[in-house]
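What follows is a set of notes on a single structure, which appears directly below.
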Amino acid sequence: MKDYLQTQLRHVLDDLGDVPDDFDVSLEAPAREEHGDLATNTALRLGSILEDNPRSIAETVAEKLRERVDPTRIKSVEVAGPGFINFRFAQDYLFEGLADLLAEGETFGHSDGGAGQSALVEYVSANPTGPLTVGHGRNAVLGDTIANLLEWTGYDVTREYYFNDAGRQMRVLAQSVRARYEAIVSEDAATKTITLDDDTTVEVPASFPEDGYLGEYIVDIAEQVYDEHGASLLTTESLGPFQEAAEAAIFAEIEGTLQRLNIEMDSYANEQELHDDGLVQDVIDGLTEAGLTYEENGALWLKTTEFGKEQDTVLVKQSGEPTYRTPDIAYHKTKFERGFDLMIDVFGADHHAAYPDVLNAIDVLGYDKEKVNVVLYQFVTLVRGDEPVKMSTRRANYVTLDDLIDQVGEDVTRFFFLMRSPDTHLNFDLELAQEESEKNPVFYLQYAHARICSVIDKAEEVGFSYDEDADLSLLTHEDEIALMKELLRFPRALQNAADARAPHFVPNYLRDVATAFSQFYDNCQIIGEEDDLAIARMHLALAAKTVLKNGLTVLGISAPRSM
RNA sequence: GCGCUCGUAGCUCAGUCGGACAGAGCAUCGGUUUCCGGUACCGAAGGCCGGGGGUUCGAAUCCUCCCGAGCGCACCA
């Protein structure tokens, strides 16, 4: 409908003459009911261009539009206020839309803006050094939902998890496991005391690395290693078996956590392969050929000052080991070489200083960095009552994503992370989430869905059934009209959310749907009305159920038949 | 010091391309049930959109300065 009006409007403006060809014809849904179903500010904006009174331009344009427009689609074209042109839909248009919605069923909401294009969404990407934290949860759920949204708008989507398994972090992890293992093998081994950031101290084996991982899970992994190998690893120098055991155990746990949230990756990419395949070296060579590197103090630097940064950045350390940035660039290069049309990275706010380097390097290496889209989200602050909860992967006292899911459930976890803009800091009060989870908006949506299921079941019990020839034109009550309009906005809502990479549009929209349904439900009976009307209303209820179900599906949240 | 994000009702937050009187949930107060799920619905109250200046017919939205919060500014990831 929007497209249709845009086209008609464009034709009228062409006839008018003097309107620049690149003039952007925009239509929007007005905030207020009395301003119609769609409105355009065209005349207002033409006022200064044509040096004429906006109001009289609007009158002229509206007059011409009335002659052009199909009356079975548009009921009225009116000029209002300082020069807005307001459109009102013909009711037949709504009835046709409703019939289409019902016919489409569980695919209603799909659009084809991304058809024929492939997208790679990279998310989670936590290094396997410990269980996923609440912060990772926001990343995971955002990325997964953006991937869903892109699928619904026609993209062929690949979900990918990238991790660094070649650097210092994993080495420290392996050393931590080894130290615990050694303590298991020889029970009277020496210990030492480590002082943490918050001045508390902890007793660890003497060989434990200074910045080692203190979580209990490290001890568990060490015990597994011991069960498998006995004391035989004590004599080997290699950290390999310890790193492998740790990586496997931790990854298994991470995958389990993701599965609980309905998240399944299509592929995993890791840093080690980039080294093995020589791709990291290729990047270093490429950047050097471009004249953007130099050596100093035994390290290789990237001239990030040429991109407007205050200082240059190290690509390869004195030790000969690349910083994480270098394989990151190589990784992004592989994304381009796999031919994706769109690449989305989901990062926490702490990465915002680093990714421009990657994009600039990609640009220098001859790729179109505009195809990479970074979604940055602000941190999750976890509080328990008034007590802030620390989230350090090192320390043992952080709350894991699994803990959170245990406490509030999968649906609430996903919904909570999705209902707010990625740009805002998320205050997650565990106490509140547990005690008052009944008040969480997700229950409002699920309740509306369950209620519809129940109503439809009841209608079927008394003999009504789905009939594609149902006379939908009987739906003329204001709450029926309002609900239909709300439901038909669904594909557009998904498209907007996908385009803006803004999953939170969807929960907001679904709340409006649930409210519109509840109002309809309150004022329009089904059972007890005359058959034709009852059947028409049953179809409208079914349509509302479809939209709620599809919307919740996009969010990765269940739509229960009963609660 | 520099950069990024944010500042909207008592609280948590929406506000899509700059549009018409600034929106929702929670909390507070009041009302609604002979009827399909009351975990619902309706209403009231609550605002200098952090502050100043600017652009515009029109600014919560864009520009600029200031104030405040979070996060960065590593040969850690």
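The sequence lines fix the lettering, A, B, ..., with proteins before strands; numbering per chain opens at 1. Since the structure is predicted, the reported quantities are computational estimates derived from the model, not experimental observations.
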Can you tell me the pairing partner of rG7(B) across any strand shown, Watson-Crick or G-U wobble, with both distances under 3.5 angstrom? rC67(B)
Return no unless some side-chain N or O of Lys458(A) is found under 4.0 Å from OP1 or OP2 of rG37(B). yes
With both distances under 3.5 Å as the test, what is the Watson-Crick or G-U wobble partner of rG18(B)? none
Under 4.0 Å: is that the gap between some side-chain N or O of Tyr377(A) and OP1 or OP2 of rC4(B)? no
Phosphate oxygens OP1/OP2 of rG15(B): is one of them under 4.0 Å from a side-chain N or O of His504(A)? yes
Please name the nucleotide paired to rA24(B) by Watson-Crick or G-U wobble geometry with both distances under 3.5 Å, or report none. rU12(B)
According to a strict under-4.0 Å criterion, is Ser26(A) in side-chain N/O contact with OP1 or OP2 of rC17(B)? no
Phosphate OP1/OP2 of rA40(B) contacted by Ser518(A) side-chain N/O (<4.0 Å): no
Would you confirm whether the ring centroid of Tyr123(A) sits within less than 6.0 angstrom of the ring centroid of Tyr161(A)? no
Atom-to-atom span, CG of Asn41(A) to C1' of rC57(B) - whole angstrom: 12 Å
Using ring centroids (six-membered ring only for Trp), state whether His539(A) and Tyr466(A) fall under 6.0 Å. yes
Assigned partner base of rC48(B), Watson-Crick or wobble definition, under 3.5 Å: none
Measuring from atom OG1 of Thr313(A) to atom CG of Asp357(A), what distance do you get when rounded to the nearest 0.5 angstrom? 4.5 Å
Syn/anti state for rC35(B) [syn: chi within 90° of 0]: anti
Between the base of rG3(B) and the side chain of His352(A), is there a donor-acceptor distance below 3.5 Å? yes
For salt bridge (charged side-chain N to carboxylate O under 4.0 Å, His left out), just list the numbers for Lys335(A) and Glu122(A), CA-CA rounded to whole Å, side-chain angles, deciding distance to a tenth of an Å, and then say yes or no. CA-CA 10 Å; Lys335(A) 292 185 183 180; Glu122(A) 183 211 329; 2.9 Å; yes
Determine: side-chain N/O of Gln519(A) to OP1/OP2 of rC42(B), distance under 4.0 Å, yes or no. yes
On RNA chain B, more 5' by nearest nucleotide between Ile456(A) and Thr515(A) is Ile456(A)
Between CG of Asp457(A) and C1' of rC36(B) the distance, given in whole Å, is 11 Å
Are the ring centres of Tyr268(A) and Phe251(A) closer than 6.0 Å? yes
Looking at Arg492(A) and Asp499(A), does any basic side-chain N land under 4.0 Å from a carboxylate oxygen? no
How close or far is atom C1' of rG3(B) from atom CG of Asp357(A), stated in whole angstroms? 13 Å
Which base sits across from rC41(B) as a Watson-Crick or G-U pair, both distances under 3.5 Å? rG31(B)
If the cut-off is 4.0 Å, is Lys317(A) near the phosphate of rA77(B), judged by side-chain N/O to OP1 or OP2? yes
For Ile527(A) and for Thr40(A), locate the closest nucleotide of RNA chain B by heavy-atom distance; then report the residue assigned to the nucleotide nearer the 5' terminus. Thr40(A)
Looking at Arg325(A), I'd like to know whether one of its side-chain N or O atoms comes within less than 4.0 Å of OP1 or OP2 on rC75(B). no
Can you check whether His35(A) stacks with the rA20(B) base, using ring centres under 5.5 Å and planes within 30°? yes
So, is Gln311(A) near the phosphate of rA74(B), with a side-chain N or O under 4.0 Å from OP1 or OP2? yes
Would Phe84(A) count as stacking on rA20(B) if stacking means ring centres less than 5.5 angstrom apart and planes tilted under 30 degrees? yes
